[in-house]
Structure formats: structure tokens, C-alpha cells
Amino acid sequence: MTTRRDFLITTAGAAAGLLPFASVWGLKLDSQSPFQHGIASGDPLADSVVLWTRITPRDLHKWVKVRWVIATDPDLHHRIDAGVMRTGPMRDYTVKV
């Protein structure tokens, strides 16, 4: 289950492009956080962009679902889009939206 913190981290990355999550919001991510690699964006068009990240799950042999949200505000009240992506060892736990 994804927490509100994970939603905020995803949104922070969407807004910040190549900056790591921790530097965007000043979050202190410990070794237990699945988000250890930051986020990248690319292929921008007038109405879209590709967002990419990699998660580090506790169990490296299972597939996991990652919820993502893109919003115009940090509290996620003005959502633009949201969804769930399944990722696992065959994708090296990458998420590309």
C-alpha cells in the first residue's frame, strides 16, 4: 500500500525533473524508503512528459504496485493524473509513466 508520503514524493519528482526527492522537499529518506534513486523526466512535449524512477523494495524477488500522482500543488488537491504501475525484477524495479 502506498502512503501519502509516497504520493508527495512522486509529485515532488514530477515537479522537479532531475532533482532527487530528498532535495526537492527536504525529506530525510532512510534506507527503508523504497525511493532511493530520485526521479528523471524526459521527452517533453506541449502536453506530456515521461517520468522515470526506480524503487528499491524490501523483497527483490516480488512484483510490486507503485501508485503515482501528478498534481499542481503539494497537497495533491489539484490532480492532473494518477495511476498504478506494476514493476518487478524483470523491469529492474523501474517505473516509467
Side-chain angles (χ1 to χ4, degrees):
M1 180 172 153
T2 302
T3 65
R4 181 170 175 81
R5 178 181 173 187
D6 294 337
F7 281 141
L8 289 172
I9 291 170
T10 302
T11 304
L18 297 173
L19 294 175
F21 294 121
S23 68
V24 175
W25 291 104
L27 298 175
K28 295 179 181 177
L29 300 179
D30 58 29
S31 61
Q32 299 301 312
S33 171
F35 295 99
Q36 298 291 317
H37 303 281
I39 192 166
S41 62
D43 297 330
L45 299 174
D47 61 348
S48 67
V49 67
V50 175
L51 299 175
W52 176 94
T53 192
R54 181 178 185 273
I55 64 166
T56 305
R58 292 182 185 156
D59 185 344
L60 294 175
H61 302 289
K62 291 185 178 180
W63 286 80
V64 295
K65 291 182 181 176
V66 178
R67 293 183 192 186
W68 55 270
V69 173
I70 299 172
T72 60
D73 65 307
D75 295 325
L76 305 176
H77 294 297
H78 299 97
R79 292 183 179 185
I80 297 170
D81 205 355
V84 176
M85 182 174 177
R86 188 172 179 259
T87 189
M90 297 298 285
R91 296 181 54 90
D92 194 29
Y93 292 98
T94 58
V95 177
K96 189 175 180 182
V97 179

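Here the structure is a predicted model, which is why all the values come from computation and not from measurement.
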Under the 4.5 Å side-chain heavy-atom rule for ILVMFWY, direct or indirect, which residues accompany Val84?
-> none
Testing the basics here: between [X] and [Y], what is the closest heavy-atom pair and its distance to 0.1 Å?
{"X": "Arg91", "Y": "Thr87", "result": "CB-OG1, 3.6 Å"}
{"X": "Gly42", "Y": "Val49", "result": "O-CG2, 3.4 Å"}
{"X": "Pro89", "Y": "Leu60", "result": "CB-O, 4.1 Å"}

Calculate, to the nearest 0.5 Å, the distance between atoms CG and NZ belonging to Leu51 and Lys96 respectively.
-> 11.0 Å
State the CH2-OG1 distance between Trp68 and Thr53, to the nearest 0.5 angstrom.
-> 14.0 Å
Tell me, please, which residues at least two apart from Asp43 pass side-chain contact (heavy atoms from CB on, under 4.5 Å).
-> Val50
Consider only side-chain heavy atoms of I, L, V, M, F, W and Y, link residues closer than 4.5 Å, and tell whether Val64 and Ile39 are in one cluster.
-> yes
Are any non-hydrogen side-chain atoms of Asp81 and Val97 less than 4.5 angstrom apart?
-> no
Side-chain contact test, heavy atoms from C-beta onward, threshold under 4.5 Å: evaluate it for Tyr93 versus Thr56 and give yes or no.
-> no
Not counting sequence neighbours, list each pair that qualifies as a salt bridge (Lys or Arg N to Asp or Glu O under 4.0 Å) and has a residue in residues 46-55.
-> Arg54-Asp92
